2 protein chains.
Amino acid sequence: MLPRPTIDDVAAAAGVSRATVSRALRGGHRVSSRAMTAIQQAVARTGYVVNRNARNLASHRAQSVAFVLCEPPQRLVADPSFNLLLSTCAQELTAHDLILTVAVTTGPDLRSWVRRHLLGGQVDGALVVSAHASDPIADELHGAGVPVVVYGTPFPATDPAPGADDIPAPVYVAADDRSGATEAVRHLLGRGRRTIATIAGPPETACGLNRLAGWRDAVGETTDDRLIAVGDYTAAGGQAAMAELLHRAPELDAVFVAGELMAAGAIAALSRAGRRVPDDVAVAGFDDSAVAATIWPSLTTVRRPLAEISHRMVELVLELIDGGSPRSLTLPTELVIREST
Amino acid sequence: MLPRPTIDDVAAAAGVSRATVSRALRGGHRVSSRAMTAIQQAVARTGYVVNRNARNLASHRAQSVAFVLCEPPQRLVADPSFNLLLSTCAQELTAHDLILTVAVTTGPDLRSWVRRHLLGGQVDGALVVSAHASDPIADELHGAGVPVVVYGTPFPATDPAPGADDIPAPVYVAADDRSGATEAVRHLLGRGRRTIATIAGPPETACGLNRLAGWRDAVGETTDDRLIAVGDYTAAGGQAAMAELLHRAPELDAVFVAGELMAAGAIAALSRAGRRVPDDVAVAGFDDSAVAATIWPSLTTVRRPLAEISHRMVELVLELIDGGSPRSLTLPTELVIREST
DNA sequence: GTGAAAGCGCTAACAT
DNA sequence: ATGTTAGCGCTTTCAC
């Protein structure tokens, strides 16, 4: 690394003081236009770039936001949703001249690493993504006064711990998984399907629970436990779950699957079992990455507005950083109808 | 944010000087075990976390590495490979107690932002991922003395610009796309296929060129331009390209596709056209995320060792940061045979 | 509108 | 092994 010019070099080159350069560098308030142009030229000439460590140390800010993924990394790899979330957040933050630092947390070591870094004052706020509602990391950061926005539906109607009223839960942005699931199942019913099974997500995840609840809302009292199988959001899991459903309830004519990868696995299982999709069995999934549109038959799915979710998360965390106290948000989903139903 | 304790608070609480605490905090060399324990207790008691801005300012390091994606973000979203790269790099760096900051560069504004940020001294090195070999950002950073490791195959046999010998090109880590493609096509030939078409990537990407070259290596002199279509690595692009191939060369009995999403699209197009896979047409793809294993029939693909690539990229950038001058690496691919061939 | 001066919290010589 | 002393490069009162 070559020695970089400092603010003093710029000041000298522009014939002004360091303080004036500092003012000019952000906003340029209280700087004469004469000095302003001289400084701009000096910056260009010297190739000056502000040292953020020095700036942040002096100004007690960090100019950065952390993106914390509280999931085993293979889930990040497997689930295209996380990408969209991450890259959209990165772009939004970049547009606000903030830096995004990423942490993938698995295991106690990484969790403590995350704590050390996020609590170290080099982060203005954090975006926490976790399938598990009310992740301890989010609560801890929030309790420590770090502005936090969580992605994920909170568990339905949990009683707050007694005496915890003074520290309200972190702000979250969620998709309305439950209604989305209901809409998908109603669509299946509207297509004349009568025996609609479901492949649910793990019960310890809020979205697993909510999508299952949405299925129940639509199928009504007729709920038959034979029609419920549980997967782990992977294609392999979906395949196994579908095979099991076919075994337990061979008469089924539709299945609502709580994840797109699982749905792709379900379609593979149906194809192997000689059932045609959608003629014999209609399949509706959840989430809408390239996979849903790519497989054959293409998948009818419930789309979460991930881009907007990221957008809102960034918006809310900036509001929190500015001292505001925004409310949590639940955004509606959208049913995308394709060939599989 | 609450006011955080400083190193002086810890020093006072432990009854030692600030310098001793500083030594104890990293490594603990030249610190008596007596002082060491006192400091550890003081840290625990005060809840002290080092301020990295101050540390980095004083030590002229950044303790962080940037992950720069020189692609439109929709590609990140669409291509599962980038995820794996990103999350593996994040983990590796975390294990070395480094922070990963992410930059997604699209458009001139963001590119200039990236420059400002990476040149600002708060980054020790950069990992640049781009489909376009020798991306200007990588060259610029490298030219400015920032340790850079690029992911991506360099263009085949480009003559270096005259006089550029003093600044050799950045170090890269690549997969051997060309041999991988050849192996896949030989596999197709081994299955008795005779008319093997290809869906190539865009010619301005190195991997597009290399995979096409690998196909040529295997099919030999019989190369027939009717058998080459070009896609953009998306499923839709693959679908369109396959439809075109079917139109131009209806007699084809196999196709080698330069990307997994395009391959999925190709299978969809074949299914729609009433061709059975693999009975009528065998399909081999490139890259091996959840998609390849999930679709039906599951896809035979060339797998790039992405986890190892990330591992190596981190290793090399650390070596560069330490002042070493490691060599570039090309890693072999692996053919994963599934149902589609 | 501009400059002087005092830190921000830490590391890194240099003494001891 | 430990303490003292300077800064690192910037922001930020506070005078002018």
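Scope of the values below: all heavy atoms of this structure, side chains included, with no hydrogens, waters or symmetry mates. Keep in mind the model is a prediction, meaning the values are calculated, not measured. Reminder, nothing fancy here: chain letters follow the sequence lines and each chain counts from 1.
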Whole-Å gap separating P (C/dC8) and CG (A/Asn51): 18 Å
Distance, rounded to the nearest Å, where A/Asn56 contributes CG and C/dG9 contributes P: 13 Å
Spacing between A/Arg18 atom CZ and C/dA4 atom P, to the nearest angstrom: 10 Å
Sugar-phosphate, base or nothing in reach of B/Arg26, heavy atoms under 4.0 Å: sugar-phosphate
Nearest listed nucleotide, side chain of A/Arg30, among C/dC8, C/dT11, C/dG1: C/dG1
Got a list of side-chain donor-acceptor pairs under 3.5 Å for residues 22-30 of chain B, not counting sequence neighbours?
{"from": "B/Ser22", "atom 1": "OG", "to": "B/Arg26", "atom 2": "NH2", "distance (Å)": "2.8"}
{"from": "B/Arg26", "atom 1": "NE", "to": "B/Ser22", "atom 2": "O", "distance (Å)": "3.1"}
{"from": "B/Arg26", "atom 1": "NH2", "to": "B/Ser22", "atom 2": "O", "distance (Å)": "3.3"}

Residues B/His117 and A/Arg52: side-chain donor-acceptor under 3.5 angstrom: no
Side chain to side chain contact (heavy atoms under 4.5 Å, CB included) between A/Leu118 and A/Val146, intermediate numbers included: CA-CA 8 Å; A/Leu118 299 191; A/Val146 178; 5.7 Å; no
Length of the line joining A/Arg34:CZ and C/dG3:P, which is rounded to integer Å: 11 Å
Phosphate OP1/OP2 of C/dC8 contacted by A/Arg61 side-chain N/O (<4.0 Å): no
Minimum heavy-atom distance B/Gly125-B/Ile321, with the two atoms named: N-CD1, 4.2 Å
Nearest non-hydrogen partners of B/Pro170 and B/Ala138, listed with the distance: CG-O, 4.1 Å
Phosphate-side-chain proximity, A/Thr20 and C/dT2, N/O vs OP1/OP2 below 4.0 Å: no
Note, A/Arg4 side chain near A/Val49 side chain (heavy atom, < 4.5 Å): no
5'-most by nearest nucleotide on DNA chain D - B/His60 or B/His29: B/His29
B/Ala90 versus A/Val102, closest heavy-atom pair with distance: CB-CG1, 4.4 Å
5' precedence on DNA chain D between B/Ser59 and B/Ser33 (nearest-nucleotide basis): B/Ser33
Of the listed nucleotides C/dG1, C/dG9, C/dA12, the one nearest the side chain of A/Ser32: C/dG1
Residue pair A/Val150 / A/Met313: nearest heavy atoms and the distance that separates them: C-CE, 4.1 Å
Touch class at under 4.0 angstrom, heavy-atom based, for A/Ser22 against every strand present: base
Minimum-distance pair of heavy atoms, taken over all atoms of B/Leu100 and B/Ala66: CD2-C, 4.0 Å
Span of DNA chain D, from the first to the last nucleotide whose atoms fall under 4.0 Å of chain B heavy atoms: D/dA1 to D/dG9
Atom pairs under 3.5 Å, N or O on each side, protein against nucleotides 13-15 of chain C: can you list them with distances?
none

